Amino acid sequence: MYPYPSGPAHQGHVRNYTFGDLVVRYQTMQGKAVLSPLGFDSFGLPAENAAIRTGTHPRVFTDARIAELKESIVRLGAVYDWRREVRSHDPSYIHWTQLIFLRLLKAGLAYRAHAPVNWCPGCQTVLANEQVLPDGRCERSGDVVETRDLEQWFFKITTYADELLAGLEGLEWPERVKVMQRNWIGRSEGAEIALEVVGRPDLTLTVFTTRPDTAFGMTYAVMAPEHPLADELTTAEQREAVAELRARAASESEIQRTAAAEGASLEKRGVFTGSWVVNPMNGERIPLYVADYVLMGYGTGAIMAVPAEDQRDWAFAQLHGLPVVRTVAPPERWEEQGGEAYSGDGVKVNSGFLDGLRVAEAKEAAIEFLEREGRGCRKVNYRLRDWLISRQRFWGCPIPVVHCSVHGAVPVPEDQLPVLAPDDVEFLPSGQSPLALHEGFKRATCPVGGEPAVRETDTMDTFVDSSWYFLRFCDPFDAQAPFSPAAVVRWMPVDQYIGGIEHAILHLMYARFFTRALVDVGLAPPDLPREPFRRLFTQGMIRMDGSKMSKSKGNLIAPARYYESVGADALRLFHLFVGPPTDDFDWSDQTDDVIEGCGRFLDRLWRLAERAPSPDGRSGVLSGTDVRVRRATHRTIQQVTGDIERWSYNTAVAHCMEQVNLLQRYAQDDPHAEVLGEALDALLHLLAPMAPHVTAELWERRHADRLHGRPWPQFDDALVIEETVTMVVQVNGKVRDRIGVPAAIGEEEARAAALASARVADALGGATPVRVVVRAPRLVNVVTADG
RNA sequence: GCCCGGAUGGCGGAAUCGGUAGACGCGGAGGCCUCAAAAGCCUUUGCUCGCAAGGGCGUGCGGGUUCGAGUCCCGCUCCGGGCACCA
């Protein structure tokens, strides 16, 4: 666990730690060695905003929030190895985050580049693509993100695009998280084609397509407004129109541009450049356009347009009066039924040597042709972009680089780490990072030549800190390295990761990338598993009035009031009981009643356990009732164990409640001391991972030793088999009678018992059964001719 | 538009392999205890007809498969989520 410390826990945290703690305690009772540490993702914008508001240093603010969060976690009774607690903002952690940066830099996995980036005016910093919502807003502040051209630091996550995609296959993760990552990586196979430019033998325009088979239908080509050749390929007559379009496109962020346009229904804004290119398949001259529906960031920033087989190109062609040539025969009556572009499979037409082939074969043939002619090549493209990690903020891990006018961006030598931000800084609402205003911090010497240099003032995205904390957890005591090879190999991968769905892309993708990169740069050993999280469980959100419960929404319900009123155990039980862990939960007016109900259950358990072992209880021979109670005890062990194994915590609690209800009646009615004692002891074990405080106390009162550390109870196979069951008798599928029968009843006896039933005879009303379906011992269905 | 989930009493939910729909809890009703209340305990609680015994209906809607469907298949509706000019 690596929570962002936002202050006292809210119910989302409580739920998360309750599930996590149940797993930890249960697996420990199963005899496993369990490593369960907790640390704090303690860099981040809220602390800095608070500093601007109140003048408090972010460290002071953050340490206070950590103390609050930690207290509410400790009071919940969750077991963590606090010796291993780490914090992103701790100098010893900063040191290793910076070392990792330097090693990635050395290996070419970190680089600095000038690029159009997402700028959030609210946060006064750039953002990674992953942090921009589909509607072009900042996921934190909700402000509309702008595009700025800046020189920034990137991590080369795209190197691992294929591996990150393939690695998903072996993971026990929710399918929808895998799907989200697959979509985000967005692999597509196709070809790059170099188009000749008419009258410019010195130039070619390279386009990417997933449908090289449709190239005969290419009736125009389009380049993105930001394309480097856009200027050069615009003729004098078209210059003004193109310039206008490019200016308009530049004023919007790319994500905004793609989000604002709803599919193909909107106008495709574009203009003719005045230049012509050549279709390499048939040698025809086709016009070259600039249009904002083509994105510079994907593929080559230019496309071949095939209106007949691409709906976007179709719409654009209609608008600009461009020809449409079908290269795949659409299905019967396609056009009569209003069909426009047809992108499905079919037989090739109007395509020279491809005619008669199907799409898949034609793709291959087209690529072979292009490669043979030297006009193109096979190519795989990804939607995934490199991870922009620069942030123009103070409260983050400083990027350990200095800028020298002679040697450029020079890494800080490893023996000079960590680079720490100074304390004597002023937090002003100017939007500028205090680091950028701090002359003492900025003044540096070039490690290469000793020239005066300027220290980098950007800090790293806080997702960098959380991309390797799980490795540090394995070995947080190492003062010489981020972690020792032996420790990470011993503990990794994480067997069970628990978190919210909000991490589906950001954190989980970055952590997968980091784990691989750390191995490849030699910081982690080669035998470290390349997937850090083997099993992932995504818990449901706690919602209130339709939105996620969080401090920023102001709808937080702190656990402290329940610690006081019903106790931490009742609150834990509530979170387990209220529904499947994967489901969202709507906090409402009735919720307190349910929590109190969980408290009442624990009260009943308490009263029950306090009167046993009952000195006045019977001993000696077991009665029929005693045996039935024993059977119930062992069945409960079986059920609760199964429930926990399959994450069905709500039914695990329900089965314990059922058992308490049964024992309560039993205890009032001359119980056998040993039977009741066995039942109570088993119950305390089963509830120990769910309600650790109450069960530990009751156990101590009964046995004067400790429940914690005892093994998980086993059930007796002979006792979980029922001896009598209720057999349902149906007539034509409707239940007409229920008969108690021995569990071992044979098919013939079951049939006879069913047909002997007076109720069945009534229901038959003289009709003759034509068929009797027997599923002994549970069910018999008597079927008549007219049924 | 595409891809995933989901829809069960007044409410949260259960039904693990096609075989008793509604476990467990909340809420409601009635009762016991008490001078009274709180707490606790007991009974009851899907809808409906019936004095009762008992019957009919019932898992979003419409079909289908089956002796039998909440569960499987086909076609919809609504809700939630993800993706969406990615060539």
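Not measured: the values here are computed from a predicted model. Every chain is numbered from 1, with letters handed out A, B, ... down the list of sequences.
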Distance-only donor-acceptor test, A:Arg775 side-chain atoms vs B:G19 base atoms, 3.5 Å: yes
Is the phosphate of B:G19 approached by A:Lys734 (side-chain N or O, under 4.0 Å from OP1 or OP2)? no
Rounded to the nearest Å, what distance is computed from the CG atom of residue A:Asn781 to the C1' atom of nucleotide B:G19? 9 Å
Round to a whole Å and report the spacing from CG of A:Leu779 to P of B:U66. 19 Å
Nucleotide forming a Watson-Crick or wobble pair with B:A29, both distances under 3.5 Å: B:U43
Using the glycosidic torsion, which applies to B:C4: syn (within 90° of 0) or anti (everything else)? anti
How far, in whole Å, is B:G62 from B:G12 if one measures between their C1' atoms? 30 Å
Need the pair for B:G1. Rule: Watson-Crick or G-U wobble, both distances under 3.5 Å, any strand; none if unpaired. B:C83
For the pair made of CZ in A:Arg600 and P in B:A38, what is the distance, rounded to whole Å? 13 Å
Aromatic ring centroids of A:Phe585 and A:Phe574 under 6.0 Å? yes
At under 4.0 Å between heavy atoms, what does A:Val773 touch on the DNA or RNA strands: base, sugar-phosphate, or nothing? base
Nearest of B:U16, B:A87, B:A23 to any side-chain atom of A:Ile303? B:A87
Checking base pairs now: Watson-Crick or wobble, both atom distances under 3.5 Å. What partners B:U77? B:A7
For A:Glu610 and B:G40, give me the distance from atom CD to atom C1', rounded to whole Å. 16 Å
Taking a pair to mean Watson-Crick or G-U wobble geometry with both distances below 3.5 Å, B:G12 pairs with B:C24
Relative to the 5' end of RNA chain B, which residue comes earlier, A:Val653 or A:Phe585, by the nucleotide with the nearest heavy atom? A:Phe585
May I have the distance from A:Asp584 (atom CG) to B:G80 (atom P), rounded to whole angstrom? 12 Å
Would you mind classifying the nucleic acid contact of A:Arg604 as base, sugar-phosphate or nothing, using non-hydrogen atoms under 4.0 angstrom? sugar-phosphate
Do the charged groups of A:Glu172 and A:Lys178 touch, with an N to O distance under 4.0 Å? no
Rounded to whole Å, CG of A:Asp586 lies from P of B:G12 at a distance of 9 Å
Assert yes or no for the condition that the ring centre distance of A:Tyr289 to A:Phe316 is strictly below 6.0 Å. yes
Are A:Arg187 and A:Glu189 ion-paired here, with the side-chain N under 4.0 Å from a carboxylate O? yes
Any strand is fair game: report the nucleotide pairing with B:U65 by Watson-Crick or G-U wobble, both distances under 3.5 Å, or none. none
With syn defined as a glycosidic angle within 90° of 0 and anti as everything else, classify B:G62. anti
Rounded to the nearest angstrom, tell me the gap between atom CE in A:Met657 and atom P in B:G12. 17 Å
Quiz question: going by heavy-atom distance under 3.5 Å, is there a donor-acceptor pair between the base of B:C26 and the side chain of A:Asp593? no
Set of side-chain hydrogen bond (donor to acceptor under 3.5 Å, both in side chains) partners for A:Gln318, sequence neighbours left out: none
Rounded to the nearest angstrom, tell me the gap between atom CD in A:Glu596 and atom P in B:G40. 10 Å
Ranking A:Gly299 and A:Asp603 by the position along RNA chain B of their nearest nucleotide, the one closer to 5' is A:Asp603
Taking any heavy-atom pair under 4.0 Å as a contact, classify A:Arg736: base, sugar-phosphate, or nothing. sugar-phosphate
Within the structure shown, what part of the strands sits under 4.0 Å from A:Gly186 by heavy-atom distance: base, sugar-phosphate, or nothing? nothing
Under 3.5 Å donor-acceptor, A:His507 side chain and A:His503 backbone: no
Please give the nucleotide sitting opposite B:A37 as a Watson-Crick or G-U wobble pair, both distances under 3.5 Å, or none. none
